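Read the structure below first, then the notes.
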Amino acid sequence: MSWVYEQFICAFLVGCTFLSVLSHPDKAPKYTFLREAASAPQILTYDYIVIGGGTCGCPLAATLSQGATVLVLERGGSPYTNPEQININNFVNSLADISPSSFSQPFISRDGVLNSRARALGGGSVLNAGFYSRASSKYIVDSGWNETLAKDSYQWVEKKVAFEPPMLQWQSAVKDGLLEVGVLPYNGFTFDHLYGTKVGGTIFDKEGNRHTAADLLEYADPKRISVYLHATVQKILFKYNTEKRRQQAYGVIFKDALGVMHRAYLSTKGKSEIILSAGAIGSPQLLMLSGIGPANHLQAHGIKVVLDQPLVGQGMADNPLNVLLVPSPVPVEVSLVQTVGITKFGSFIEAASGLSLGHSWSERLQGIFEFVSNQSGQPSMFPPVADTIRSLANPILKGGVLLEKIIGPRSTGHLELINTNPNDNPSVTFNYFKDPEDLRKCVEGMRTIIDVINSKAFSKFRYHNMPVQSLIDLMLHLPVNLRPKHANAAFSLEQYCIDTVLTIWHYHGGCQSGKVVDHNYKVIGVEALRVIDGSTFHRSPGTNPQATVMMLGRYMGEKIIKKRFFHGRK
Ligand SMILES: Cc1cc2nc3c(=O)[nH]c(=O)nc-3n(C[C@H](O)[C@H](O)[C@H](O)COP(=O)(O)OP(=O)(O)OC[C@H]3O[C@@H](n4cnc5c(N)ncnc54)[C@H](O)[C@@H]3O)c2cc1C
Ligand SMILES: *[C@@H]1O[C@H](CO)[C@@H](O)[C@H](O)[C@H]1NC(C)=O
Ligand SMILES: *[C@@H]1O[C@H](CO)[C@@H](O)[C@H](O)[C@H]1NC(C)=O
């Protein structure tokens, strides 16, 4: 990006924030400790530096501030500036916004699937579909977490941001359809992960207002925390620790919206640390930009190697999402995910309805594909826009989608740098359905969706002259991704899964625990650096991950701060 352009963007961003504070005093940023990075000193010193004020970073930083000074550096803006923009009606619009100040940064994986990274205080919870559901007890045990502390941490999160959804007609019909086709028992409204059909939590309140991970900063001690917005960390700094005989993180360099560089250092007292919570794309990318990663790959980009760690960027995975779009003869409520079928064969069935699409969905999709493809190193095929889909140009979708996500997944890929600019997307490959087990789960999930659509409970939302086959054909004509389409996809659910795969944005991995970080989330082989966020996962937790990502922030914050005091007393 040119300097002049950056100046313009900054003037624009700062100006907008300033004006909106003046004109809507009630919508002013609610925290005294929340500031623009452009107003930060040249040099700062804190006990903990949290990189990324996202879904995990916010609860983590709030907790650490109970016993130490904490600096949060977030590259995006504030979700409090314009609450309308992130309410339930603007889910698709927010996601489709491709302006540089958008909370969504689009990317296309090497698999040809359009995806999105969060860029806001609150991270993915500012952009997501809001469904809130805990991980299974087995997942918690397998992760080596203390079950009591995990439960306490979930509850700490839920007190602020989790609600019971309204469950109107569309969501109720999906729930009843799931029960009718045998996804049993019915478990009612619960945050717990149980086989059968249930109503889960949501971060949208009854008015449709979104409550993001940034709200967890209400728990922070305002005297000990500073949160800077539009603060993009460029790299983590290391020096050699002669006693420990290895590299030790001691600070970071970050850039503000004016393009000015600042440095933040760790205080030397106690157990100061840098904690990377930049998400499943940002964390492996920033480790590599800071010199931790596969040595030959880093050298090829002119990066000085701090630690040769071939596992950084490995184990990247994204749970494949497959859907059927169901136009409805009767109006439907606006709903994101509220009910879920948790099947024994490893597929989760969910639904959404009445999405507000602004203007023509297909043209918009085409525009985003073109925008992302124009950026360096991205795949550059364009899907043809079929004339038939122009009929979907209605601004509010009358109808909805039934979707299925598979557990895991078992198929994994990798992440590589394209360049050394931290603002740019790295190259990411997920290898959807490479493992045949994943494909089998998808096919069974699609069969369940078809049964639900054909169920009695769902019949009022069906056009009776539109059999399931025509819904399949419709999807095959939509420009949903950049993958090749095969004629037999209309008849083979295997091929349908492969050709129409989408993302549910639950991508994870890249800094996996036991590989890049140890079981305390410390980066193996260096001092004073941890990674705590979705990049450490081997599988996506629960039906949807955000509950567990927020829980992990609180959980690790508690562990770290307790240990700090324990050591202090000795
Ligand atoms: C559209 C969408 C819908 C979803 N729907 C659901 C759902 O309904 N339910 C659910 O449970 N989950 C959902 N998810 C998934 C869930 O939101 C994510 O798994 C979760 O938010 C990931 O949290 P994280 O802390 O790992 O990363 P993030 O929340 O992405 O946090 C990373 C933060 O780091 C910042 N950052 C990155 N690089 C830098 C840098 N160099 N310097 C400074 N800051 C940096 C980013 O701006 C970001 O704020 C959805 C996600 C999306 C995108
Ligand atoms: C688990 O966490 C609880 C609550 O913080 C704590 O009381 C207990 O000692 C922990 N158990 C273990 C084995 O660490
Ligand atoms: C993408 O690049 C093409 C060719 O350079 C250009 O005509 C088009 O306007 C660009 N599209 C977008 C959305 O940036």
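Since the model is a prediction, treat every value here as computed from it, not as a measurement. For ligands, and for the atoms within them, numbers begin at 1 and follow the listed sequence.
Using modelled atom types, one finds no donor on one side chain facing an acceptor on the other under 3.5 Å when comparing Asp97 with Ser104. Under the 3.5 Å distance criterion, with hydrogens and angles disregarded, a donor-acceptor pair is assigned to the side chains of Asp215 and Tyr80. Residues Asn423 and Asn421 have side chains that bring a donor and an acceptor to within less than 3.5 angstrom of each other. Between the side chains of Thr536 and Ser513, not a single donor N or O lies within less than 3.5 Å of an accepting N or O. Between the side chains of Thr548 and Tyr154, a donor-acceptor pair is found at a separation under 3.5 Å.
When only non-hydrogen protein atoms are considered, atom 6 (C) of ligand 1 lies nearest to Asn128 CB, 3.4 Å. The shortest contact between atom 4 (C) of ligand 2 and any protein heavy atom is with Thr148 CG2, 4.1 Å. When hydrogens are left out, the protein atom nearest atom 9 (N) of ligand 1 is Phe131 O, 2.9 Å; that is the closest non-hydrogen contact. When only non-hydrogen protein atoms are considered, atom 5 (O) of ligand 2 lies nearest to Leu149 CD1, 3.9 Å. For atom 52 (C) of ligand 1, the nearest non-hydrogen atom of the protein is Trp505 CB, 3.2 Å. The protein heavy atom nearest to atom 2 (O) of ligand 2 is Asn146 ND2, 2.3 Å. Of the protein's heavy atoms, Gly534 N, 3.0 Å lies nearest to atom 26 (O) of ligand 1. Atom 41 (N) of ligand 1 has Val233 O, 3.1 Å as its closest protein atom, hydrogens excluded (heavy atom only). Shortest contact from atom 31 (O) of ligand 1 to any protein heavy atom: Gly54 CA, 3.4 Å. For atom 27 (O) of ligand 1, the closest heavy atom belonging to the protein is Gly279 CA, 3.4 Å. Ranking protein heavy atoms by distance to atom 12 (N) of ligand 1, first place goes to Pro545 CD, 3.5 Å.
Residue Thr232 has no nitrogen or oxygen atom sitting less than 3.5 Å from a nitrogen or oxygen atom of ligand 1, judged on distance alone. The shortest N/O to N/O separation between Ser116 and ligand 1 does not fall below 3.5 Å. The shortest N/O to N/O separation between Ile504 and ligand 1 does not fall below 3.5 Å.
Counting heavy atoms only, Arg75 comes closest to atom 36 (N) of ligand 1 of the residues Gln285, Arg117, Arg75. When His506, Lys235, Gln546 are ranked by how near their heavy atoms come to atom 13 (C) of ligand 1, first place goes to His506. For atom 21 (O) of ligand 1, the nearest non-hydrogen atom from the set Leu336, Ile203, Thr55 belongs to Thr55.
Those atoms of ligand 1 that come under 4.0 Å of a heavy atom in Cys56, given as number and element, are 25 (O). Interface of Gly124 with ligand 1, defined as ligand atoms under 4.0 Å from a residue heavy atom, comprises 17 (O), 21 (O), 28 (P), 29 (O), 30 (O). Per-residue contacts place Leu127 under 4.0 angstrom from the following atoms of ligand 1 (heavy atoms of the residue considered): 1 (C). Heavy-atom proximity to Ala231, at under 4.0 Å, picks out these atoms of ligand 1: 42 (N), 43 (C). Every atom of ligand 1 is numbered from 1 in the order shown, and the set under 4.0 Å from a heavy atom of Gly123 is 29 (O), 49 (O). Each of the following atoms of ligand 1 lies closer than 4.0 Å to a heavy atom of Val549: 23 (O), 24 (P), 25 (O).
In this structure, Ala118 and Gly124 approach most closely via the heavy-atom pair CB-N, 3.3 Å. Scanning all heavy atoms of the two residues, the minimum distance from Ser94 to Gln85 falls at OG-O, 3.0 Å. In terms of heavy atoms, Arg117 sits closest to Pro426 at NH1-CD, 4.1 Å. Listed here is the closest heavy atom pair of Val174 and Leu402: CG2-CD1, 4.3 Å.
For the side-chain hydrogen bond (donor to acceptor under 3.5 Å, both in side chains) test with Gln546, the passing option among Thr55, Asn128, Thr212 is Asn128; the others fail.
At least one heavy atom of Gly130 sits less than 4.0 Å from an atom of ligand 1. Within the structure, the closest approach of Val337 to ligand 1 does not fall below 4.0 Å when heavy atoms are considered.
Counting heavy atoms closer than 4.0 Å to ligand 1, residue Gln234 contributes nothing at all. Only the backbone of Leu73 comes within 4.0 Å of ligand 1, judged by heavy-atom distances. Within the 4.0 Å heavy-atom criterion, neither part of Ala213 lies near ligand 1. Within the 4.0 Å heavy-atom criterion, the part of Ala120 lying near ligand 1 is the backbone and not the side chain. Contact annotation: for Ala278 versus ligand 1, heavy atoms closer than 4.0 Å belong to both the backbone and the side chain.
Note: Tyr139 and Phe537 have perpendicular aromatic rings, judged against thresholds of 30 and 60 degrees for the angle between ring planes. Between Tyr250 and Tyr265, the ring planes are parallel. Angles under 30° get that label, and only those over 60° would be called perpendicular.
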| said: Please evaluate residues Phe204 and Phe91 with respect to the criterion ring-ring contact (aromatic ring centres under 6.0 Å, His included), reporting the C-alpha separation (whole Å), side-chain torsions for both, the decisive distance (0.1 Å), and the verdict. | reply: CA-CA 11 Å; Phe204 292 104; Phe91 172 71; 8.0 Å; no
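Residues Thr503 and Tyr432 form a side-chain contact, since some pair of their non-hydrogen atoms from C-beta on lies under 4.5 Å apart. Contact check for Ser65 versus Tyr48: no side-chain heavy atoms found under the 4.5 Å cut-off. Using a 4.5 Å heavy-atom cutoff, the side chains of Ile275 and Ile560 are in contact.
Between Glu273 atom CD and Arg530 atom CZ the span is 4.0 Å, to the nearest 0.5 Å. Atom-to-atom distance recorded for Arg263:CZ and Ile43:CD1 is 7.0 Å, nearest 0.5 angstrom.
For atom 9 (O) of ligand 2, the nearest protein heavy atom lies 4.0 Å away or farther.
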